[in-house]
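Side-chain atoms are counted along with the backbone in the values below, which use heavy atoms only and exclude waters and symmetry mates. Being a predicted model, the structure only gives us computed values, none of them experimental. Position 1 is the first residue of the sequence; numbering continues from there.
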Amino acid sequence: MKIIIAGAGEVGFHLAKQLSSEAHDITVIDINPKQLQQLDSQTEVLTINGSSTSIDVLKNAKVDKIDLLVSVTSTEATNINTAILAKKLGAGKTIARVENDEYLKKDYAEMFVTLGIDHLIYPEELAANEIVKLIQRAAATDVLEFEEGKLMLIGLKLDKQAQVIRKSMRQASEEYEIQDFRIVAIHRGIKTIIPSGDDIFLPNDQIFVITTPDRIKEILKISGKEETKIENIMILGGGKIGRKTAKLLENEINVKLIESDNEKTLDLANDLQKSLIIQGDGRDIDLLAQEAIVDMDAFISVTEDAETNIITSLMAKHLGVSKTVALVDNIDYIPLTQTIGLDSLINKKLIAANNISRFVRKENIISIATLQGIDAEVFEYVAGEKSDVTRKPVKNLNFPKNAIIGGYIRDGKGLITVGNTQIQAGDKVVVFALPGAVSKVEKYFK
């Protein structure tokens with residue numbers, strides 16, 4: 001597929017890196033030569049220094065020959081204008097990143113299509129939705145749903161008291177009759193492992209499990225977790241993500257939102273009907289104590305400062321809050337946060353890039369997700385009539401070493417893969433893969 005990405009910031013960079021590894025023809029346009037140099041040094045893409053709202057620049061990028069234009073610069077107006085111009089000049093589909101949630105209203109969708117914009121991406125809303133899923137599954141570090149929750153991928157950190165500690169995969173499977181869920185990966189330190197029967201579980205391992213919703217309680221028990229019910233939540237930061245998260249949760253949970261800016265605090269108080277809005281500096285431990293942080297079930301830090309989010313989340317964890325979520329917009333921080341005790345982190349740029357990437361996948365790929373801080377991807381494929389994956393039971397497929405089939409959906413029901421499973425044409429199959437195995441996996445689903 002031929003794709004133009006306007007904007008070489010973190011969203012554009014991650015998207016270009018992700019898509020170029022899959023043999024797409026990528027051109028990146030940006031006005032900042034330093035960002036393009038960095039992209040050149042790490043990816044095999046064509047870069048053009050210039051404004052994406054310049055007709056000459058778009059023509060130079062052969063916009064009339066492309067299948068998709070994605071505009072993800074830091075400026076909303078630039079993104080909208082770029083998409084409109086690209087469509088008028090002959091681009092296939094166009095996607096624009098926006099900062100105004102008003103544009104996402106269904107009433108306006110047809111208007112934007114008429115203008116030439118096929119899809120709008122609003123990263124703050126995507127991040128808020130991700131936070132809500134993490135709160136709903138409080139024990140998890142990561143939650144991915146397939147086919148509206150028929151299958152789920154749950155990330156869990158193993159505590160010292162977990163029943164599986166110091167046991168091998170094979171021992172755990174036999175002792176706990178693990179059949180209705182499958183452990184597809186172990187993240188240890190900075191390394192991600194696709195486990196075999198001999199791999200042993202260690203304290204602080206982060207495991208990823210494919211399961212059905214009805215088996216989550218059992219998985220939590222084995223991993224040393226409890227099914228925590230979230231009733232009281234504190235949100236630090238009343239920006240777009242904090243506001244949206246509070247709005248999504250306030251009808252079901254008691255929400256306290258702390259914001260330092262006076263004008264923004266008043267606006268939040270008018271907008272949020274059931275949340276308690278407090279003006280103050282959330283880094284002030286005395287303020288947090290006064291607002292009864294020790295009685296909170298969850299703490300979400302989504303200020304514009306990553307360091308503040310990390311430090312306050314660690315502080316909340318130290319004070320006994322069972323679930324913490326931190327917004328970390330600096331991608332370089334992500335590997336670090338996995339090792340210092342944070343429960344869950346959110347990176348809106350990676351979430352946006354993953355959301356965009358589904359528009360450029362091959363026909364047999366329904367969805368893809370990148371787990372933040374984990375060097376792996378999760379794919380949902382549709383098995384075709386002549387796909388190699390349907391020809392033998394899973395145990396005889398000689399599937400790539402650094403990939404694993406976790407589960408599949410057949411006739412609307414989520415099922416877990418075992419050795420004797422025979423994938424059938426039409427099955428929706430969930431695969432966990434490390435980067436080097438992706439191209440090999442694709443061959444099984446052609």
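With no hydrogens or angles considered, a side-chain donor-acceptor pair links T73 and N79 at under 3.5 Å. Using modelled atom types, one finds a donor on one side chain and an acceptor on the other under 3.5 Å when comparing T53 with S51. No hydrogens or angles considered: a donor-acceptor pair under 3.5 Å links the side chains of N309 and T303. Between the side chains of T27 and K2, no donor N or O sits under 3.5 Å from an acceptor N or O.
The closest side-chain heavy-atom distance from K88 to L85 is not below 4.5 Å. A 4.5 Å side-chain heavy-atom check between R182 and T417 finds at least one atom pair inside the cut-off. Looking at L69 and L58, their side chains come closer than 4.5 Å, going by heavy atoms from C-beta outward. Put simply, the side chain of V302 reaches to within 4.5 Å of the side chain of I131, judged on heavy atoms. Counting heavy atoms from C-beta outward, Q279 and N262 have side chains that approach closer than 4.5 Å. Side-chain contact between T212 and L151 is present, with heavy atoms from C-beta onward closer than 4.5 Å. Residues V57 and N60 fail the side-chain proximity criterion, which asks for heavy atoms closer than 4.5 Å. Between V389 and Y381, the closest side-chain pair of non-hydrogen atoms is not below 4.5 Å.
One finds a salt bridge joining D388 and R391 here, because a Lys/Arg side-chain nitrogen approaches an Asp/Glu carboxylate oxygen to under 4.0 Å. Salt-bridge check for E291 with K256: passed, with a basic side-chain N closer than 4.0 Å to an acidic carboxylate O.
Counting heavy-atom neighbours within 6.0 Å of K349 NZ, excluding the residue itself, gives a total above 12. Counting non-hydrogen atoms of neighbouring residues, nucleotides and ligands closer than 6.0 angstrom, the CG atom of D214 exceeds 12 such neighbours. By the 6.0 Å contact criterion, NZ on K133 is enclosed, its count of non-hydrogen atoms from other residues, nucleotides or ligands being greater than 12. For CD of E304, the number of neighbouring non-hydrogen atoms (other residues, nucleotides, ligands) closer than 6.0 Å is 12 at most. Other residues, nucleotides and ligands place no more than 12 heavy atoms under 6.0 Å from the CD atom of E44. In this structure, K150 places its NZ atom where more than 12 heavy-atom neighbours from other residues, nucleotides or ligands lie under 6.0 Å away. More than 12 heavy atoms of other shown residues, nucleotides or ligands fall within 6.0 angstrom of atom CD1 in I193.
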Item to check | I311/R283 under side chain to side chain contact (heavy atoms under 4.5 Å, CB included): CA gap, chis, key distance, verdict | outcome: CA-CA 8 Å; I311 291 168; R283 297 169 297 182; over 6 Å; no
Item to check | Check against side chain to side chain contact (heavy atoms under 4.5 Å, CB included), K244 and K240 | outcome: CA-CA 6 Å; K244 185 69 176 177; K240 293 176 182 178; over 6 Å; no
Next on the checklist: Evaluate I258 against M234 for side chain to side chain contact (heavy atoms under 4.5 Å, CB included), listing each step before the verdict.
Outcome noted: CA-CA 8 Å; I258 299 175; M234 183 177 286; 3.8 Å; yes
Item to check | Worked check of side chain to side chain contact (heavy atoms under 4.5 Å, CB included) between K428 and F146 | outcome: CA-CA 9 Å; K428 296 173 182 177; F146 303 93; over 6 Å; no
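Checking side-chain atoms of T245 against main-chain N and O of G242 turns up no donor-acceptor pair under 3.5 Å. Checked by atom type and distance alone, the side chain of Q206 never pairs as donor or acceptor with a backbone atom of H187 at under 3.5 Å. With hydrogens and angles ignored, the 3.5 Å screen pairs a side-chain donor or acceptor of T421 with a backbone N or O of V418. In this structure, the side chain of D25 does not engage the main chain of M1 through any donor-acceptor pair within 3.5 Å. For D297 (side chain) and E231 (main-chain N/O), a donor-acceptor pair under 3.5 Å exists by modelled atom type. The main-chain N or O of N32 is found under 3.5 Å from a side-chain atom of D30 such that the two form a donor-acceptor pair.
The shortest non-hydrogen separation linking T94 to D118 is N-OD2, 2.8 Å. Closest heavy-atom contact between S52 and T78: OG-CG2, 3.7 Å. Residues F208 and L153 approach most closely at CB-CD1, 4.0 Å, considering heavy atoms. Across all their heavy atoms, E102 and Y108 have their closest contact at O-CD1, 3.2 Å. Contact record, V98 with L120: CG1-CD2, 3.7 Å, taken as the closest heavy-atom pair. Of all non-hydrogen atoms in I5 and G12, the two that sit nearest each other are CG2-CA, 3.9 Å.
Between the CD1 atom of I194 and the CG atom of L434 there is a distance of 4.5 Å, given to the nearest 0.5 Å. One distance of note links CZ of F432 with CG of N402; it measures 11.0 Å at 0.5 Å rounding. Here the OG1-CG distance, from T47 to D40, works out to 3.5 Å after rounding to the nearest 0.5 Å. Residue I300 holds its CD1 atom at 9.0 Å from CD1 of I346, rounded to the nearest 0.5 Å. K62 contributes atom NZ, which lies 15.0 Å from atom CG of L89 (distance to the nearest 0.5 angstrom). One distance of note links OG1 of T211 with CD1 of I154; it measures 7.5 Å at 0.5 Å rounding.
Considering I404, V431, V430 in turn, I404 is the only one that fulfils the side-chain contact (heavy atoms from CB on, under 4.5 Å) rule with V184.
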Give every donor-acceptor pair under 3.5 Å between a side-chain atom in residues 264-278 and any protein atom, sequence neighbours left out.
unit_1, atom_1, unit_2, atom_2, d
T265, OG1, E259, O, 3.4
T265, OG1, D261, O, 2.6
D267, OD2, R243, NH1, 3.4
D267, OD2, R243, NH2, 2.7
N270, ND2, L266, O, 3.3
D271, OD1, K247, NZ, 3.0
D271, OD2, R243, NH1, 3.1
D271, OD2, K247, NZ, 3.1
Q273, NE2, D271, O, 3.4
K274, NZ, N251, OD1, 3.3
S275, OG, E250, OE1, 2.8

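Legend: residues meeting ring-ring contact (aromatic ring centres under 6.0 Å, His included) with Y444, ordered by chain and number and at least two apart, are F399.
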